[in-house]
Amino acid sequence: MSTLENILTRIDGRVGVVQINRPKAMNALNGPTMSEIMSALEAFDADPAVGAMVITGDERAFAAGADIKQMATASVVEMMNSPFIGYWDRLRAISKPVIAAVNGWCLGGGNELAMACDMIVAGEGARFGQPEINLGVIPGAGGTQRLTRAVGKTIAMEMILNARQLSAEEALRYGLVNRVVPVERCLGEAVRLAEEIAARAPFAIRIAKEAVNAAFETALAEGVSLERRLFSLLFSTEDQKEGMAAFIEKRKAEWKGK
Ligand code: CAA
């Protein structure tokens with residue numbers, strides 16, 4: 001376990017875990033915290049010993065949003081020039097799977113951080129929301145776009161225009177999260193899921209993530225054509241030969257990541 005000022009990190013098997021650690025501020029995300037989170041994820045992404053990652057908070061809060069105290073007096077020019085919101089974009093460049101393990105409050109920039117991950121495991125008491133309208137602003141780190149794609153226009157409108165919160169069960173029903181588990185099992189379940197994915201063919205996992213993400217960025221025909229190229233590309237890997245041979249020989253495949 002390594003301790004930075006605002007996060008804790010550890011490697012659990014082949015899973016890199018980042019825990020946001022600002023309990024006194026409900027894990028509100030200020031510049032130094034986002035910088036530490038992104039640097040840790042980028043280091044895990046570059047580490048061959050890590051196959052997947054988990055971001056979590058504590059039982060009270062995954063993260064209660066961007067740090068309001070940090071932003072309260074900012075001018076438009078300061079906000080436009082600030083690297084702050086750009087930290088959320090850096091998640092898009094992470095090539096390995098990232099799973100959010102969410103207990104407690106998951107609000108504003110915290111929900112935007114969770115939604116920028118690839119999957120979300122929620123604890124039973126988790127509350128999801130974009131309450132920025134209560135502060136006289138709107139979500140600024142992808143919330144209007146990712147939430148709408150996740151839960152659809154009508155629920156996103158209600159959450160963003162009227163600060164509606166979703167319970168964990170509602171988040172599951174509307175497709176925001178993958179599963180809901182008891183609070184004490186949330187991190188363990190996310191790590192278990194990440195471990196399962198990390199045990200699969202690493203290069204194919206990376207390509208699969210790229211292909212699914214392309215569905216958010218491209219028109220259908222373009223996405224399908226990208227998928228076909230990526231699918232064909234995988235036939236140049238040793239893992240494709242191994243995976244198909246193992247199926248035919250009725251044995252377990254041994255992945256090399258090559
Ligand atoms: N920024 C800074 N500090 C925060 C914070 C935030 N987003 N959320 C909580 N805190 C701080 C509180 O100020 C308080 O600090 P003090 O003890 O020094 O006063 C401490 O965390 C504990 O919070 P509360 O006393 O408010 O705890 P609570 O249990 O009564 O309420 C809560 C919990 C419902 C999460 C409430 O704190 C809250 O509503 N927080 C703000 C949520 C919010 O508006 N998030 C959106 C932020 S803007 C954004 O994220 C923009 C974007 O899109 C990038």
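Each ligand, and each atom within it, is numbered from 1 in the order the structure gives. We count residues from 1, following the sequence as given.
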Review point. Quick one: nearest non-hydrogen protein atom to atom 33 (C) of ligand 1, plus distance?
Key: W105 NE1, 3.6 Å
Point to revise | Per atom 12 (C) of ligand 1, closest listed option by heavy atom (K69, K24, E132, M71) | key: K69
Study note, to complete from the structure: Closest heavy-atom approach to atom 47 (C) of ligand 1 among G108, P23, A66 is made by A66
Check your understanding: What is the closest protein heavy atom to atom 27 (O) of ligand 1, and at what distance does it sit?
Key -> M26 CE, 3.5 Å
Revision key, fill the gap. If you scan protein heavy atoms around atom 5 (C) of ligand 1, the nearest is A28 CB, 3.9 Å
Point to revise | Closest approach of any protein heavy atom to atom 39 (O) of ligand 1, naming residue and atom | key: L107 CD1, 4.6 Å
Practice item. For G109 and W88, work out which heavy atoms get closest and say how close. Key: O-NE1, 3.0 Å
Check your understanding: Just wondering, more than 12 heavy atoms not from F235 lying within 6.0 Å of its CZ?
Key -> yes
Point to revise | Donor + acceptor pair across side chains of R229, S225 (<3.5 Å) | key: yes
Exercise for review: Considering only protein heavy atoms, determine whether one is less than 4.0 Å from atom 8 (N) of ligand 1.
Suggested key: yes
Review point. Under the side chain to side chain donor-acceptor pair (under 3.5 Å) test, which residues partner T56, sequence neighbours left out?
Key: none
Check your understanding: Between R10 and D12, is there a salt bridge with N-O shorter than 4.0 Å?
Key -> yes
Study note, to complete from the structure: ligand 1 atoms nearer than 4.0 angstrom to some heavy atom of D67 are 1 (N), 2 (C)
Point to revise | Heavy atom of protein inside 4.0 Å of atom 36 (C) of ligand 1, strictly below | key: no
Study note, to complete from the structure: Shortest non-hydrogen pair, Q240 vs L234, comes out as CB-O, 3.1 Å
Review point. Are R192 and E189 ion-paired here, with the side-chain N under 4.0 Å from a carboxylate O?
Key: yes
Listed pairs under 3.5 Å, donor-acceptor, residues 143-160 side chains, sequence neighbours left out:
{"from": "T148", "atom 1": "OG1", "to": "T144", "atom 2": "O", "distance (Å)": "2.4"}
{"from": "R149", "atom 1": "NH2", "to": "F216", "atom 2": "O", "distance (Å)": "3.3"}
{"from": "E158", "atom 1": "OE1", "to": "R164", "atom 2": "NH1", "distance (Å)": "3.1"}

**Study point:** Distance flag for atom 15 (O) of ligand 1, protein heavy atom under 4.0 Å
**Key:** yes
Study note, to complete from the structure: For P139, the ligand 1 atoms with a heavy-atom partner under 4.0 Å come out as 53 (O)
Check your understanding: So, for V177 and A168, which heavy atoms are closest and what is the spacing to 0.1 Å?
Key -> CG2-O, 4.2 Å
Exercise for review: Answer yes if a protein heavy atom lies under 4.0 Å from atom 53 (O) of ligand 1, otherwise answer no.
Suggested key: yes
Check your understanding: Does the protein put any heavy atom within less than 4.0 Å of atom 45 (N) of ligand 1?
Key -> yes
Exercise for review: Please work out which of A25, C106, A141 has its closest non-hydrogen atom nearest to atom 21 (O) of ligand 1.
Suggested key: A25
Check your understanding: R60 near ligand 1, heavy-atom distance under 4.0 Å?
Key -> no
Practice item. Run down the list G109, G142, A64 and name the one with the heavy atom closest to atom 43 (C) of ligand 1. Key: A64
Review point. Are D47 and I11 close enough that some pair of their side-chain heavy atoms sits under 4.5 Å apart?
Key: yes
Exercise for review: Determine whether the side chain, the backbone, both or neither of L135 has a heavy atom under 4.0 Å from any heavy atom of ligand 1.
Suggested key: side chain
Revision key, fill the gap. Of all heavy-atom pairs linking V54 and A101, the shortest is CG1-CB, 4.1 Å
Practice item. Please verify whether a non-hydrogen atom of G143 lies at under 4.0 Å from ligand 1. Key: no
**Study point:** Proximal atoms of ligand 1 relative to E112 (non-hydrogen, under 4.0 Å)
**Key:** 52 (C), 53 (O), 54 (C)
Point to revise | Under-4.0 Å salt bridge between E36 and R22 | key: no
Review point. Salt bridge or not for R90 and E42, using N-O below 4.0 Å?
Key: yes
Review point. Please state which protein non-hydrogen atom is closest to atom 1 (N) of ligand 1 and give its distance, to 0.1 Å?
Key: I68 N, 2.9 Å
Review point. Looking at atom 23 (O) of ligand 1, is any protein heavy atom nearer than 4.0 Å to it?
Key: yes
